[in-house]
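Here is the naming used below: chain letters follow the sequence lines, and residue numbers restart at 1 for every chain.
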Protein chains: 2
Amino acid sequence: MSLPHAILTALAEKPSSGLELTRRFDKSIGYFWSATHQQIYRELGRLEEKGLIRALPSARPTRGQKKEYEVLPAGRAELTAWVTDTEDPKPVRDALLLRVRAAGVVGAEDLGAELRRHLALHREQLAEYEAIEKRDFPPERNAEQDRLRRLVLRGGIGLESFWISWLDEALAELEEIDGGRA
Amino acid sequence: MSLPHAILTALAEKPSSGLELTRRFDKSIGYFWSATHQQIYRELGRLEEKGLIRALPSARPTRGQKKEYEVLPAGRAELTAWVTDTEDPKPVRDALLLRVRAAGVVGAEDLGAELRRHLALHREQLAEYEAIEKRDFPPERNAEQDRLRRLVLRGGIGLESFWISWLDEALAELEEIDGGRA
DNA sequence: GGCGGCATGTAAAATGTTACATGATTTA
DNA sequence: TAAATCATGTAACATTTTACATGCCGCC
């Protein structure tokens, strides 16, 4: 149940319309909590109904018109409570690991191509994160918010690095297996 | 759409009943593709309907009676195709990273306790994986299936190791922030 | 014959995905 | 004024989660 909190966080950082939120979920926030515009609009409606956010007065309620939202005190309170809540890590669900296990059962031919493709994707993502780190977090930016945002980014960097090194290991292993088979 | 494939993989490794599958999803397979018994029973029904698996003849169709399934050739073909399919990695969705970002907005007090709790959980999980590696994958087990299963396990080990080192970093950062605040 | 554990399921709600629909604004 | 783009939404469906319901079986 984190989508509402992701939206509250984004709005607390900066009041926005649904489309602007969608854009920010395509980068930044979305790097670790993705959402489509349909989810966002639905959730904005619910949050408004619950009194956690409101549309800015300027916004007329017609379709096709931009409608900006801001967080209300109740929303900020909800967010504060959630931050220190007890919530266990979700069990991992990773299709690629599952596919490697399946390959153990039905045979690993041609698995290499897909692994190499993923490797390239993760390298790209890592490069993107590192560019952001260089651009947005120079050493002089030291406010609490900057430090925490950088920490989150370093989570992304660590995850991508993990995948890259695991995929390297996996490809080496596949070569050995194929060697044994030839 | 990997749950059916997770189940096909598990059944291909060993024909099982719904409850046995549930047990195996609580360890082993479930370490990287979790599922509840409700999901498993429903999916078994669908897979049977599609002709990818079948209930073993011995199984009578009454409620409360054990019912074992095995994979049919069509199921094995489906699994083989899926292994080499092109399927992009899913965008990350991690509530803890999101909560740290939210803490940047509403304040990071008391975040430490939750981070320490997660750290302990990840350390436990890592220890469990390492015990399995020692127990199930001694160097002499070298068949293709063993190598691939070990590779998957090493994925789990790498992921847990990443979280542990990120949480260490995060806790150090929090201390510095609190130091600056005091 | 009742109780606890094994085993299979149903129902409802929340969440996420995919495809489509509609109005407003800009610009060629 | 037509096309492109911005912006908000609906509808239908699939998946996941949570809570509950039911039947069988051994054992005391």
Closest non-hydrogen atom pair between B:A108 and B:L174, with its separation: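 Between these two residues, the closest heavy atoms are CB-CD2, 4.2 Å.
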For the student: nearest non-hydrogen atoms of B:W166 and A:L151, plus distance: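 So the minimum-distance heavy-atom pair works out to NE1-O, 3.0 Å.
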Donor + acceptor pair across side chains of B:R101, A:S28 (<3.5 Å):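 Distance-only check passes for B:R101 and A:S28.
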Residues within residues 27-40 of chain A bordering DNA chain D, heavy-atom distance below 4.0 Å: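 Contacts with DNA chain D under 4.0 Å: A:H37, A:Q38.
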Under 4.0 Å: is that the gap between some side-chain N or O of [X] and OP1 or OP2 of [N]?
X	N	value
B:K67	C:dG9	yes
A:R46	C:dT15	yes
A:Y41	D:dG9	no
B:R93	C:dT17	yes

Reported CG-to-NE2 distance for the pair A:L8 and A:H5, which is rounded to 0.5 angstrom: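 Here the rounded value is 6.5 Å.
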Nearest whole angstrom, please: distance from the [atom2] of [N] to the [atom1] of [X].
X	N	atom1	atom2	result
A:L56	D:dA7	CG	P	15 Å
B:E87	C:dT17	CD	P	13 Å
A:E43	D:dG9	CD	P	14 Å
B:K50	D:dA14	NZ	P	11 Å
A:F25	C:dT15	CZ	P	14 Å
B:L44	C:dT8	CG	C1'	10 Å
B:K66	D:dT22	NZ	P	24 Å
B:E68	C:dT8	CD	C1'	14 Å

Interface with DNA chain C, restricted to residues 4-19 of chain B and to heavy atoms under 4.0 Å: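 Residues of residues 4-19 of chain B that come under 4.0 Å of DNA chain C are, in numerical order, B:S17, B:G18, B:L19.
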Cluster overlap A:L126 with A:F32, hydrophobic side-chain contacts below 4.5 Å: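 Yes, it is one cluster - the side chains of A:L126 and A:F32 are joined through contacts under 4.5 Å.
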B:E175 atom CD: more than 12 heavy-atom contacts under 6.0 Å: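 Atom CD in B:E175 is not packed in, count stays at 12 or less.
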Most 5' of B:E20 and B:K90 on DNA chain C, judged by nearest nucleotide: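 By nearest-heavy-atom nucleotide position, the 5'-most residue is B:E20.
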Cationic N near anionic O, under 4.0 Å, [X] to [Y]:
X	Y	value
A:K50	A:E78	no
B:R149	B:D136	no
B:E114	B:R117	yes

Out of D:dA7, C:dG9, D:dT16, whichever nucleotide has its closest atom nearest the side chain of B:L3: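 Looking only at heavy atoms from C-beta outward on B:L3, the closest nucleotide is D:dT16.
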